[in-house]
Amino acid sequence: MGVCCSCWGSRNKDGKFAPLLLAENEREAISALLQYLENRSDVDFFSNGPLKALLTLVYSDNIDLQRSAALAFAEITEKDVREVNRDVLEPILILLQLTDFEVQRNACGALGNLAVNNENKVLIVEMGGLEPLIKQMMLTNIEVQCNAVGCITNLATQDDNKSKIAKSGALIPLTKLAKSKDIRVQRNATGALLNMTHSFENRQELVNAGAVPVLVSLLSATDTDVQYYCTTALSNIAVDDTNRKKLASTEPKLVSQLVSLMNSPSPRVQCQATLALRNLALDSGYQVEIVRAGGLPHLVQLLTCNHQPLVLAAVACIRNISIHPLNEALIIEAGFLKPLVDLLDYKDLEEIQCHAVSTLRNLAASSEKNRTALMAAGAVEKCKELVLSAPLSVQLEISACFAILALADDLKPKLYESHIIDVLIPLTFTDNGEVCGNSAAALANLCSRVSNEHKHYILENWNEPQDGIFGFLKRFLQSGSATFEHIALWTILQLLESNNNEINALIKDNEEILSGIKELSEQNTMNQSATQTRDDQYEDPKVELFNLTEQILQILG
């Protein structure tokens, strides 16, 4: 360990070391410490005799003894990291405040080692460790800077410490040291800045400290650790709406740099760059800019890679980009449909499935050409196969996608032919109101303007599966939910307005459906009378239900 290697004093004229003038207690401490070191594997240096010997060296006026104590603490804590008490931390903090670089370097190292333990992190800050660490970060000695910043980095992984560090004045020197020419200091500083980005308040402190331009400039660093810390920090910063707006106005090269990093040889840098773009793409301006910067070829390639975190990041990013109408056709032309459909097979990671379906829904929202391409890619068939056994989150996305697709008249023949009604009816039985409502809305849209060519799909599904369309209408009429009652009444009205004798007969001859309609008519007639004098009657859903029942009864005669 070399604890007492510096205890011989300075050389005399003969080139020999002159013994130092040591107090009796100092000699005893050195002797005891040497004995402890000979049996170091069996010694607890943080209690009783060993700690007392170290304390004697710390409180000595002899700088060489203090250097030895600091070195001993550094080497002991490198091998023995555990929760310690104030009696152990206090002498290290005393050493930390001395002006000798060697003492500072080793004291910082010892504190940084102990700061790996979560309880120690809290206690170090409580005992005032931040102030001397900040002072040492601002020194010119690289070794001291490196260890001081490393210690701050460890302390900043503890949630309670983060806000204290943010308010301590540490962020400005950390930002300056992120530009250090020493790669160790740079890594530690950017790592510390990253650790400060996990809460909104701390991110704002970081932005106010001027860290963003530094983080952006370091995206082009040659060290992958620095790139990773900076991309991750920027990704976290981009979560906040105000920060995205500030980035848009102050960092014009950010998107192009992140797009380039999606092609990094480091998968973790690729992943964080993609996640940063995903967060930026929460804003419409960035949705367009990412496409203009050439992001699509990188994303479509990442969708087919073998690294799950990268696939998840890429599909989440394209999902946000696909929200913008200007991007829909470009995404399809870039070859995304097949990879997106293939991602529905990721049954072990439902988040990937959710983002894939959501993207397909966005792409199908506004263009007949897009919807046709979607059908040709097998998206509807794959969703149909998956939905009944899928997790709830995936069912939510697929049912919403079906509801959007069923709105398009140009797509209805293909949806009929895919036998999508076979899964929509069972989905109306689910306990989740949103899945149930989406599926019912899709079913209602498919019952609108049914042609003679496709009437057999309605007739075949009238009683099956699970009591079929009839059962769906009966349950929704009796649901007691104004939303579900509205869907049922609107579906009945659409079927009747198709002017198909066979379909109309299914309703006119069904006593359960007729009684359900009449019961709602009577209820809503009373509600109509009660609301005629109210100014908000047109906002009352009961008014709309009354109007629907009146239209249906008029058709039925």
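All values below come from the heavy atoms of this structure, side chains included, with hydrogens, waters and symmetry mates left out.
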Heavy-atom side-chain contact between [X] and [Y] under 4.5 Å:
{"X": "Leu443", "Y": "Leu427", "result": "no"}
{"X": "His355", "Y": "Leu340", "result": "no"}
{"X": "Leu337", "Y": "Leu363", "result": "yes"}
{"X": "Val300", "Y": "Pro339", "result": "yes"}
{"X": "Ser199", "Y": "Ser163", "result": "no"}
{"X": "Glu381", "Y": "Ser418", "result": "yes"}
{"X": "Ile142", "Y": "Lys181", "result": "no"}
{"X": "Thr491", "Y": "Phe472", "result": "yes"}

For the pair Thr428 and Val435, evaluate side chain to side chain contact (heavy atoms under 4.5 Å, CB included) and give the outcome as yes or no after the intermediate values. CA-CA 7 Å; Thr428 63; Val435 172; over 6 Å; no
Which heavy atom of [X] sits nearest to which heavy atom of [Y], and what is that distance?
{"X": "Leu133", "Y": "Cys151", "value": "CD1-SG, 3.7 Å"}
{"X": "Leu218", "Y": "Ala178", "value": "CD1-O, 3.3 Å"}
{"X": "Leu258", "Y": "Ala273", "value": "O-CB, 3.6 Å"}
{"X": "Leu261", "Y": "Thr231", "value": "CD1-CG2, 3.4 Å"}
{"X": "Asn243", "Y": "Val207", "value": "OD1-CG2, 3.7 Å"}
{"X": "Ile172", "Y": "Ala209", "value": "CG1-CB, 4.1 Å"}

Take atom [atom1] in [X]; do more than 12 heavy atoms of anything else shown fall under 6.0 Å from it?
{"X": "Asp431", "atom1": "CG", "result": "no"}
{"X": "Glu464", "atom1": "CD", "result": "no"}
{"X": "Met127", "atom1": "CE", "result": "yes"}
{"X": "Glu417", "atom1": "CD", "result": "yes"}
{"X": "Asp410", "atom1": "CG", "result": "yes"}
{"X": "Gln301", "atom1": "CD", "result": "no"}

Return yes if some donor-acceptor pair links the side-chain N/O of [X] with the main-chain N/O of [Y] below 3.5 Å, else return no.
{"X": "Lys384", "Y": "Asp422", "result": "no"}
{"X": "Arg105", "Y": "Glu143", "result": "no"}
{"X": "Tyr286", "Y": "Ala248", "result": "yes"}
{"X": "Ser479", "Y": "Phe476", "result": "yes"}
{"X": "Gln158", "Y": "Val122", "result": "no"}
{"X": "Gln227", "Y": "Leu219", "result": "yes"}
{"X": "Asn327", "Y": "Ile321", "result": "yes"}
{"X": "Arg203", "Y": "Thr197", "result": "yes"}
{"X": "Gln270", "Y": "Met262", "result": "yes"}
{"X": "Asn195", "Y": "Thr153", "result": "yes"}

What is the distance from atom [atom1] of [X] to atom [atom2] of [Y], rounded to the nearest 0.5 Å?
{"X": "Glu397", "Y": "Leu360", "atom1": "CD", "atom2": "CG", "answer": "10.5 Å"}
{"X": "Leu392", "Y": "Thr430", "atom1": "CG", "atom2": "OG1", "answer": "8.0 Å"}
{"X": "Leu280", "Y": "Gln287", "atom1": "CG", "atom2": "CD", "answer": "10.5 Å"}
{"X": "Leu446", "Y": "Ile458", "atom1": "CG", "atom2": "CD1", "answer": "7.0 Å"}
{"X": "Gln395", "Y": "Ser439", "atom1": "CD", "atom2": "OG", "answer": "8.0 Å"}
{"X": "Gln136", "Y": "Ile134", "atom1": "CD", "atom2": "CD1", "answer": "11.0 Å"}

Could you tell me if [Y] and [X] have a donor-acceptor pair between their side chains, going purely by distance under 3.5 Å?
{"X": "Arg449", "Y": "Ser498", "value": "no"}
{"X": "Ser393", "Y": "Glu350", "value": "yes"}
{"X": "Ser448", "Y": "Gln494", "value": "yes"}
{"X": "Thr359", "Y": "Arg319", "value": "no"}
{"X": "Ser451", "Y": "His454", "value": "yes"}
{"X": "Lys121", "Y": "Thr157", "value": "yes"}
{"X": "Asp348", "Y": "Gln308", "value": "yes"}

Identify whether the distance between the nearest side-chain nitrogen and carboxylate oxygen of [X] and [Y] falls below 4.0 Å.
{"X": "Lys164", "Y": "Asp160", "answer": "no"}
{"X": "Arg244", "Y": "Asp240", "answer": "no"}
{"X": "Lys135", "Y": "Glu131", "answer": "yes"}
{"X": "Lys167", "Y": "Glu205", "answer": "no"}

Report all side-chain donor-acceptor pairs from residues 108-120 shorter than 3.5 Å, counting only partners two or more places apart or in another chain.
{"from": "Asn113", "atom 1": "ND2", "to": "Ala74", "atom 2": "O", "distance (Å)": "3.3"}
{"from": "Asn113", "atom 1": "ND2", "to": "Thr77", "atom 2": "OG1", "distance (Å)": "3.0"}
{"from": "Asn113", "atom 1": "ND2", "to": "Gly109", "atom 2": "O", "distance (Å)": "3.2"}
{"from": "Asn117", "atom 1": "OD1", "to": "Glu119", "atom 2": "N", "distance (Å)": "2.9"}
{"from": "Asn117", "atom 1": "OD1", "to": "Asn120", "atom 2": "N", "distance (Å)": "3.0"}
{"from": "Asn120", "atom 1": "OD1", "to": "Val84", "atom 2": "N", "distance (Å)": "2.9"}
{"from": "Asn120", "atom 1": "ND2", "to": "Arg82", "atom 2": "O", "distance (Å)": "2.8"}
{"from": "Asn120", "atom 1": "ND2", "to": "Leu114", "atom 2": "O", "distance (Å)": "3.0"}

Could you go through the side chain to side chain contact (heavy atoms under 4.5 Å, CB included) check for Leu215 and Ile237 one step at a time? CA-CA 11 Å; Leu215 292 170; Ile237 288 169; 3.9 Å; yes
With side chain to side chain contact (heavy atoms under 4.5 Å, CB included) as the test, pick out the partner of Val291 among Leu299, Leu330, Leu326.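 The passing option is Leu330.
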Can Ser235 and Asn279 be said to form a side chain to side chain donor-acceptor pair (under 3.5 Å), step by step? CA-CA 6 Å; Ser235 178; Asn279 291 340; 3.1 Å; yes
Between Phe429 and Arg475, is there a cation-pi geometry (under 6.0 Å to ring centre, at most 45° from the normal)?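 Judged by the rule, Arg475 and Phe429 form a cation-pi pair.
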Given Val311 and Leu302, is the side chain to side chain contact (heavy atoms under 4.5 Å, CB included) satisfied, shown in steps? CA-CA 6 Å; Val311 173; Leu302 293 180; over 6 Å; no
Below 30° counts as parallel, above 60° as perpendicular, anything between as tilted: where do the rings of Tyr416 and Tyr457 land?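 Rings of Tyr416 and Tyr457: parallel, under 30°.
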